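Atoms considered below: every heavy atom in the structure, side chains included; atoms not considered: hydrogens, waters and symmetry mates. Start at 1 with the first residue, then count along the sequence. Here the structure is a predicted model, which means the values were calculated and not measured.
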Amino acid sequence: MKRLLTVLLSALLLVTGSALFAACDKEPAKVSVYMPDGAPALAMAQLMSEEMQFGGEVDYNVVDSTTIQTYIGGEEPQADVCVLPVNLAAQTMGSGMTYRMLGTVTHGNIYFLSAKHPETALSADNLSELLVGKTVGCIQLSNVVGLTLKLVLAKNDIPYAVIEDVSQASADQVNILNIADPAAGITPAAEYDYMVAAEPVVTTKVNATASNAEGMRLVNVGDLQALYGEGGYPQAVLVAKTSLIESHSAFVEALIAAVKANADWVKAETTSVESIVAAVSAHLPSGAKGNLTVQNLNKGVIERCAVRFAAAADCKAEVNAFLSALSEVAGKTFAVSDEFFHEG
């Protein structure tokens, strides 16, 4: 009898332990994924194209980049998984309590356009000569785009200032203005000498003006990533709720593996542009028109969007260094704790 009780108790412990283990790592019933439209959406294009569910129920959402913060805020954020700019991640979730970073997914898709000065490409050697005294319109001036522009100028000891109107431009500095509406503000007739914009808008604007008369064409004259150096910078990151990471580690690791493989998938010649655009468009809000089209997307544009995955543990030093540099030009601190980086 004693031996029988021992066997039964051991069996009960084994079953209970297995059940507890399974409960700790069972696939989630539903996971909401949010990402900004444009280059960040390319980081999950294959997942959306194949409706990857990882054994659960995954709802992919591509939203306007200006609204991404609304899905990670509040006491109960809507996004279980999210792609967002690295500085916004640091500012809103750097403690690692609610979200943790799984890795970086894009490494810079920002370029200089000009109709007034199309003949010479910008480089580290001529940056001061060509930009000082000029006006530079910049999208997302207060976000990672504008901050990186300022960082590049600061690294090259080039004076700059943000002005409200071209009439305030000074001859002894780079005069930076915000472009609130890229669709309307980036044109050959714009008052700026140079414009800083993101792919695929860059290619759209260049193609749309290619047949215009001289002086009325926009030309890609500079690569912000090349000017920054170091193979680009951590622009957009992938984060997941800490609770999801801790309770569903198998799901999270499968997601990471898929995002990593996606970088090769979007670049492969066997993957059609039509399938990529269709995948992203299918997950936009009803009636919304996306930034990615078969007219503005090609393998060259995808390459210039710098989509590649770097695990949080591998890019921790790079992210911290970039955030520290951004903090200096922003006049406020972007910092994250060690707990913010997923070490899985």
Worksheet item: What orientation do Tyr34 and Tyr71 show, parallel under 30°, tilted 30 to 60°, or perpendicular over 60°?
Response: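 Parallel, since the angle between the ring planes stays under 30°.
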Worksheet item: Do the side chains of Met195 and Val166 join up, straight or via other hydrophobic residues, at under 4.5 Å, putting them in one cluster?
Response: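 Hydrophobic grouping puts Met195 with Val166.
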Worksheet item: Hey, any chance Ile72 and Tyr60 share a hydrophobic cluster, counting ILVMFWY side chains that come within less than 4.5 Å of each other, even indirectly?
Response: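 Hydrophobic grouping puts Ile72 apart from Tyr60.
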Heavy atoms, side chains only, cut-off 4.5 Å: are [X] and [Y] in contact?
X: Val86; Y: Thr104; result: no
X: Pro234; Y: Glu318; result: yes
X: Val336; Y: Asn320; result: yes
X: Leu130; Y: Leu122; result: yes

Discussion item. Test of understanding: with salt bridge (Lys or Arg N to Asp or Glu O under 4.0 Å), list the residues that count as partners of Asp125, not counting sequence neighbours.
Written reply: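 Not a single residue meets the salt bridge (Lys or Arg N to Asp or Glu O under 4.0 Å) criterion with Asp125.
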Strictly by modelled atom types, are [X] and [Y] linked by a side-chain donor-acceptor pair under 3.5 Å?
X: Asn296; Y: Asn207; answer: no
X: Gln173; Y: Asn175; answer: yes
X: Glu51; Y: His283; answer: yes
X: Gln46; Y: Glu50; answer: yes
X: Ser327; Y: Ser324; answer: no

Can you give the donor-acceptor pairs under 3.5 Å from side chains of residues 305-314 to other protein atoms, not counting sequence neighbours?
from	atom 1	to	atom 2	distance (Å)
Arg308	NH2	Gly231	O	3.0

Discussion item. Using the side chain to side chain donor-acceptor pair (under 3.5 Å) criterion, which residues pair with Ser243? Sequence neighbours excluded.
Written reply: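 Ser243 satisfies side chain to side chain donor-acceptor pair (under 3.5 Å) with no other residue.
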Fill in: ring pair (Phe, Tyr, Trp, His ring centres under 6.0 Å) contacts in which one or both residues fall within residues 322-344, not counting sequence neighbours
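Those involving residues 322-344 are Tyr228-Phe322, Tyr233-Phe322.
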Worksheet entry | Where at least one partner belongs to residues 161-194, residue pairs that pass ring pair (Phe, Tyr, Trp, His ring centres under 6.0 Å), sequence neighbours excluded |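 Applying ring pair (Phe, Tyr, Trp, His ring centres under 6.0 Å) to every pair that reaches into residues 161-194, excluding sequence neighbours, yields His117-Tyr194.
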Quick check against the 3.5 Å criterion: does [X] have a side-chain atom that pairs as donor or acceptor with the backbone of [Y]?
X: Asp64; Y: Thr66; answer: yes
X: Asp80; Y: Leu244; answer: no
X: Thr271; Y: Val266; answer: no
X: Asp37; Y: Val63; answer: no

Worksheet item: What's the verdict on salt bridge (Lys or Arg N to Asp or Glu O under 4.0 Å) for Glu246 and Arg100, showing C-alpha distance, side-chain angles and the deciding distance?
Response: CA-CA 11 Å; Glu246 292 177 345; Arg100 290 180 189 163; 3.3 Å; yes
Discussion item. Salt bridge or not between Lys134 and Glu129? Use side-chain N to carboxylate O under 4.0 Å.
Written reply: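 Judged by the 4.0 Å cut-off on N to carboxylate O distance, Lys134 and Glu129 do not form a salt bridge.
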Practice prompt. Take Glu164 and Gln168, measure what side-chain hydrogen bond (donor to acceptor under 3.5 Å, both in side chains) needs, and give me the verdict at the end.
Written response: CA-CA 7 Å; Glu164 297 296 324; Gln168 302 171 341; over 6 Å; no
Fill in: Pairs flagged by salt bridge (charged side-chain N to carboxylate O under 4.0 Å, His left out) wherever residues 199-213 is involved - sequence neighbours left out
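Listed by first then second residue: Glu199-Arg304.
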